[in-house]
Amino acid sequence: MPRLSVVVPVRRVRGSLRECLESVLSQSFADFEIIGVADGCPDGSGRLLDEIAAGDPRVRAVHLAEPAGPDGRRTAGAEHAKGDYLLFLEGTHVLLPGALRRIADRLADAADPDLLLFGHLRTPFRGTPQASRSLSLLKDMGTTEICTLADRPELLGVAAVCWNRAVRREFHETGQASFAPGRHGDGPYALGTLAAADTVAALPVPCVEHRRQRHVPGLAESREAGSPGEQAGQLDLVEQFSDLFCSLRGTPRFEAVRGPLFDLAARELLETYGTLRRRRRAYVRAVATFHRDHLPPGHRANGGLRSLRLRLLTGGRAGRLRALDAALAVRRGLLAVAPAVRGRLARRLTPLYYRLQRLLPLDRDLAVYSAYWNRGVSCNPAAVHRKAAELAPRVRGVWVVSQKAAAALPPGIDHVVPGSRRYWAVMARATYFFSNVNFPNHVVKRRGQVHVMTHHGTPLKVMGVGQARYPAAAQGMNFQDLLRRVDRWDFSLSSNPHSTESWAGAYPSAAEHLETGYPRNDVLVGTDPDRIRAVRESLGVRPGQRALLYAPTFRDYERTFTCRLDLERVAEALGEDTVLLVRAHYFHDESGLAEHPGILDVSGHGSAEELYLAADALVTDYSSAMFDYANLDRPIVIHAPDWETYRAVRGVCFDLLSGAPGDTPGAVTRTTDELIRVFSDGTWDGEAARELRAAFRERFCAFDDGRAAERVVRRVLLGEPGLLPVTPPAERRPVAVPRQAHAPEGEALSAAGRPSR
């Protein structure tokens with residue numbers, strides 16, 4: 001008997017079925033079976049199911065004699081299943097890598113609950129995967145709690161579908177929940193299993209990718225032979241809720257969850273009413289009957305307009321509800337006029353306001369700062385801003401941040417939101433502009449304004465006008481607009497001669513190249529052990545643990561974050577004395593990492609520099625993090641499984657993997673096994689790696705001596721001629737490594753950073 005039975009209903013999924021089934025067959029967890037159920041497939045997907053089943057004994061093909069609909073296919077699949085737990089997977093969806101292992105482990109940890117809820121990603125047609133609201137709700141529940149719906153009624157907010165849960169087969173066979181006819185007939189089953197389960201556990205990680213299909217007019221209606229029309233299907237929704245309440249009535253926990261379940265049904269029925277185009281009276285009568293039969297004793301709805309509409313709906317007052325909706329539609333139309341008029345006026349007056357502001361004198365004591373397309377206070381501009389407050393306090397700093405970033409700003413940060421009235425005034429009258437990316441095209445540079453491009457990394461990849469030779473890197477770029485933005489620069493910062501040369505070729509302009517070093521790297525030079533210790537403690541790194549920071553970059557030719565390391569296997573192999581700090585690129589909103597005691601997801605951490613200070617070594621691929629981290633003179637391992645592809649598609653300035661001094665910063669790996677070996681046998685910090693690191697640091701950390709921000713402030717804001725002299729890398733005071741910062745006084749340390757007696 002397998003541990004898991006995966007039921008896949010099959011009809012009109014010819015183009016996606018193979019990928020769906022292969023996402024299951026390729027799982028690292030092997031104790032499962034797949035039951036594919038077809039009931040007549042005009043597109044040939046049933047034959048494809050047979051072909052796949054013939055090639056793999058883990059797949060069983062079940063063919064029903066008559067069309068059964070989605071509910072019949074799922075029910076038949078469950079009847080053929082032999083596993084301890086049932087999982088239902090749509091033929092258009094896929095299991096994410098490692099999903100079955102995580103599910104099986106959580107079931108074991110929870111002592112075989114009746115129901116396990118897990119997360120999923122939503123992917124719009126031709127869109128990118130996005131975290132679902134269900135995932136957020138499950139994260140609130142955590143990975144240890146066992147409960148019932150009565151304990152946590154908020155679990156009703158988890159998507160009511162059958163493919164985001166594992167159901168104990170014996171619990172399923174009690175018949176307390178069943179599938180209903182129609183395209184959304186798994187809703188009653190999902191709600192029924194949740195309401196009736198004695199034990200519910202959560203797995204707050206994505207296990208399924210829900211891929212939305214392209215809407216083709218007429219296709220959805222023809223997917224099921226004899227499927228009900230739209231209006232009949234909406235009337236069926238009332239019947240489905242009624243059947244659900246009848247089936248649950250008398251079960252041990254029904255009264256405890258009846259109220260929140262009724263509220264959910266009422267909301268769904270009211271929202272469905274708004275989609276009806278005909279047969280509204282019949283629908284209202286059906287809802288009124290449901291309300292009369294299943295209203296919990298003493299139940300009161302919340303107040304407000306929705307409550308009024310609901311009372312009319314459940315009271316069978318179709319005419320009054322129609323009149324109220326008509327009045328509300330008129331009100332919405334009137335309210336929409338004012339913003340539209342204001343919007344048109346604003347669009348016409350804003351350019352005029354901006355032009356008028358540009359006629360006023362410049363404010364010689366005002367500087368504008370921006371980082372990463374207005375994502376917040378960070379990187380080189382933030383370091384300059386801090387130093388300016390110390391050395392040039394007369395210069396006020398204002399940050400340009402998005403509305404979302406503004407809500408998370410630390411206290412005391414003066415800021416403006418793009419498009420606001422003050423934003424245009426500040427952009428028109430400020431004298432100094434600092435950004436690590438270009439300011440938008442609409443910004444007009446006035447005579448006397450000074451623009452400083454701080455950049456946000458040392459270039460390994462081809463940048464600027466050089467990207468025109470690489471289609472993947474050039475997609476969406478307007479090079480004429482780019483050069484117009486570059487022409488606004490007065491100064492371009494550089495942290496090494498390589499960068500100076502690269503920026504000159506990538507962004508041809510009259511800008512003066514200031515070889516100051518990168519201000520954000522000042523903190524990496526001369527930081528004391530107390531700060532390192534505090535950062536590690538804030539991250540949850542234990543004293544004596546070896547912390548490895550894995551910071552891969554993004555690929556222009558990929559839409560989402562792809563982890564090219566089997567992180568769980570690395571964590572298991574290196575043991576509990578090592579912790580992996582994983583930081584996805586800021587372009588990716590979600591890393592999708594599995595929970596593991598040896599893995600910390602630090603993608604949302606606000607300071608990359610703090611993560612550098614906390615890490616005993618850096619593992620990266622082609623990220624500019626390697627150039628910054630080299631300032632610490634700590635081990636760097638390049639994990640480059642797709643170097644040839646990246647070099648050909650993105651374009652690079654030098655051969656990172658050549659092994660030549662100055663090109664390669666340390667050990668190089670191409671597979672997970674190689675990476676494990678490097679950190680197990682000492683290669684990561686061996687003599688050869690140290691020699692490479694020294695040459696790399698000499699080449700790329702030439703100007704980063706801890707005084708970069710001071711050089712920028714003195715040259716730009718204070719107008720001092722020349723730059724402060726640079727301390728060569730060999731003469732700089734080394735920063736304590738994390739294991740030294742944590743080791744008790746008088747103890748020696750092993751290569752892994754643990755005290756050795």
Side-chain angles (χ1 to χ4, degrees), residues 23 26-29 95-106 109 118-119 121 129 131 135 139 143 203-207 209 536 539-542 545-555 558 560-605 608 611-612 614-623 625-626 629 635-643 666-681 683-684 752-753:
S23 75
S26 63
Q27 294 283 313
S28 58
F29 180 81
L95 278 183
L96 295 172
L100 292 188
R101 168 58 64 189
R102 298 184 188 107
I103 290 170
D105 288 348
R106 182 67 183 112
D109 292 342
F118 46 78
L121 301 179
L135 191 57
K139 285 181 178 178
T143 57
L203 178 60
V205 297
C207 292
E209 183 182 346
R536 284 169 66 93
L539 294 172
V541 180
R542 299 195 312 271
Q545 268 192 314
R546 176 175 58 178
L548 307 181
L549 175 61
Y550 177 48
T553 191
F554 79 103
R555 273 73 168 160
E558 290 184 349
T560 58
F561 173 63
T562 301
C563 187
R564 287 172 165 78
L565 272 176
D566 189 336
L567 294 174
E568 292 181 64
R569 190 147 64 86
V570 173
E572 293 291 340
L574 298 184
E576 62 180 12
D577 289 332
T578 296
V579 61
L580 304 179
L581 309 176
V582 183
R583 183 177 180 84
H585 192 274
Y586 57 84
F587 280 178
H588 303 305
D589 294 329
E590 291 284 329
S591 64
L593 297 177
E595 289 199 1
H596 188 283
I599 301 174
L600 293 178
D601 186 351
V602 294
S603 300
H605 196 280
L611 298 178
Y612 299 156
D616 292 284
L618 171 70
V619 180
T620 187
D621 42 22
Y622 323 118
S623 170
M626 70 180 84
Y629 191 80
I636 300 172
V637 174
I638 300 298
H639 183 69
D642 60 340
W643 168 246
V668 174
T669 63
R670 307 296 291 265
T671 67
T672 296
D673 288 335
E674 289 179 3
L675 186 83
I676 293 172
R677 177 185 57 77
V678 159
F679 281 101
S680 299
D681 65 10
T683 303
W684 66 293

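A quick note: this is a predicted structure, and the numbers were derived from the prediction, not measured.
Nearest heavy atom pair, residue Arg536 against residue Ala547, reads NH1-CB, 3.6 Å. Shown here for Thr620 and Ala551, the closest heavy-atom pair between the two residues is OG1-O, 2.6 Å. What you find for Glu576 and Arg542 is that their closest heavy atoms are O-NH2, 3.1 Å. Considering every non-hydrogen atom in both Gln545 and Asp616, the closest pair reads O-OD2, 3.6 Å. Residues His639 and Thr672 share a closest heavy-atom pair of CE1-N, 4.1 Å. Summarising the geometry of Ala625 relative to Tyr612, their closest heavy-atom pair is CB-OH, 3.3 Å, with the distance given to 0.1 Å.
Within the 3.5 Å criterion, the main-chain N or O of Thr553 finds a donor-acceptor partner in the side chain of Asp621. Put simply, the side chain of Arg583 gets close to the backbone of Val602: a donor and an acceptor are under 3.5 Å apart. Proximity of a side-chain donor or acceptor of Gln27 to a complementary backbone N or O of Ala99 within less than 3.5 Å is detected.
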Determine whether Asp105 and Arg101 satisfy the following criterion, side-chain contact (heavy atoms from CB on, under 4.5 Å), listing intermediate values before the conclusion.
CA-CA 6 Å; Asp105 288 348; Arg101 168 58 64 189; 3.2 Å; yes
Evaluation steps, side-chain contact (heavy atoms from CB on, under 4.5 Å), between Leu539 and Leu611
CA-CA 9 Å; Leu539 294 172; Leu611 298 178; 3.8 Å; yes
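In this structure, OH on Tyr629 lies 7.5 Å from CD1 on Ile636, to the nearest 0.5 angstrom. One finds the CZ atom of Phe29 at 12.0 Å from the CG atom of Leu95 (value rounded to the nearest 0.5 Å). Atom CD1 of Ile638 is separated from atom CZ of Arg670 by 11.5 Å, given to the nearest 0.5 angstrom. Atoms OG and CG, from Ser23 and Leu96 in turn, are 8.0 Å apart once rounded to the nearest 0.5 Å.
Taking Thr683 as the reference, Asp681 meet the side chain to side chain donor-acceptor pair (under 3.5 Å) condition, with sequence neighbours excluded. Residues satisfying the ring-ring contact (aromatic ring centres under 6.0 Å, His included) test with Phe118, not counting sequence neighbours, are none. Applying the side-chain contact (heavy atoms from CB on, under 4.5 Å) criterion to Ser680, with sequence neighbours excluded, gives Leu574, Ile676. When the side-chain contact (heavy atoms from CB on, under 4.5 Å) test is applied to Asp673, the partners found at least two apart in sequence or on another chain are Arg569, Thr671. For Ala571, the side-chain contact (heavy atoms from CB on, under 4.5 Å) partners at least two apart in sequence or on another chain are Leu580, His596, Ile599. Scored by the side-chain contact (heavy atoms from CB on, under 4.5 Å) test, Ala617 finds Leu548, Pro635, Phe679, Trp684 as partners (sequence neighbours excluded).
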